[in-house]
Amino acid sequence: VAEGVKALGLEFFVKNPDDRGNAVTSVVAPDGINGDKVNKIMKDKHGVVIAGGQGHIKGKVFRIGHLGYVDKLDIIMTFSALEMTLQELGYTFEHGASVKAIQKYFMNK
């Protein structure tokens, strides 16, 4: 998941990699994009459920869960849907970058 986040030029909510958990990755929504809209489009258009921020970070982050049984293809599908969602919301990035980075990571494991 971290490789996909980095490939899209997104910012981690938890800056220090050693402090990030193994169950969920929190990502700062890009400038001008509400994290809750990311969640809604992911679910409604692509059938992929992610979580939003809570409390003072509501709308500012989205969270990608990876606790329990999560297959490699689940992660690839999530990032494919995330790319389509971010494109719809006007975020600029290299299309396919996250999927490519994730595949490369898995192939080298």
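Note that the numbering runs from 1 along the sequence shown for the chain.
No more than 12 heavy atoms of other residues, nucleotides or ligands sit less than 6.0 Å from atom CG of Asp31. Counting non-hydrogen atoms of other residues, nucleotides and ligands closer than 6.0 Å to CG of Asn22 gives a total of 12 or fewer. Taking a 6.0 Å sphere around OH of Tyr105, one finds it holds 12 or fewer heavy atoms contributed by other residues, nucleotides or ligands.
No donor-acceptor pair under 3.5 Å is formed between the side chain of Ser80 and the backbone N or O of Ile76.
Applying the salt bridge (Lys or Arg N to Asp or Glu O under 4.0 Å) test to Asp44 and every residue at least two apart in sequence or in another chain returns Lys40. For Lys58, the side chain to side chain donor-acceptor pair (under 3.5 Å) partners two or more places apart in sequence, or in a different chain, are Asp36. Remark: Glu3 engages Lys6 in a salt bridge (Lys or Arg N to Asp or Glu O under 4.0 Å) (not counting sequence neighbours). For Glu94, the salt bridge (Lys or Arg N to Asp or Glu O under 4.0 Å) test picks out no residue, with sequence neighbours left out. Shown here are the salt bridge (Lys or Arg N to Asp or Glu O under 4.0 Å) partners of Lys109, two or more places apart in sequence or in another chain: there are none. Every residue two or more places apart in sequence or in another chain that forms a ring-ring contact (aromatic ring centres under 6.0 Å, His included) with His95 is listed here: Phe93.
In this structure, Ile41 and His46 have side chains that are in contact, with non-hydrogen atoms separated by less than 4.5 Å. Looking at Asn34 and Leu89, their side chains never come closer than 4.5 Å, going by heavy atoms from C-beta outward. Glu88 is not listed as a side-chain neighbour of Lys37, based on a closest heavy-atom distance of 4.5 Å or more.
Annotation for Gly59 and Ala29: closest pair O-CB, 4.4 Å, computed over non-hydrogen atoms. Of all non-hydrogen atoms in Gly4 and Phe79, the two that sit nearest each other are C-CE2, 3.5 Å. Taking each heavy atom of Ala97 and Ala7 in turn, the nearest pair found is O-CB, 3.5 Å. For the pair Tyr69 and Asp74, the tightest heavy-atom approach, listed with the atom from each and the gap, is O-OD2, 4.4 Å.
Of the candidates Val24, Thr25, Val27, Asn39, Asn39 is the only one forming a side chain to side chain contact (heavy atoms under 4.5 Å, CB included) with Ile50.
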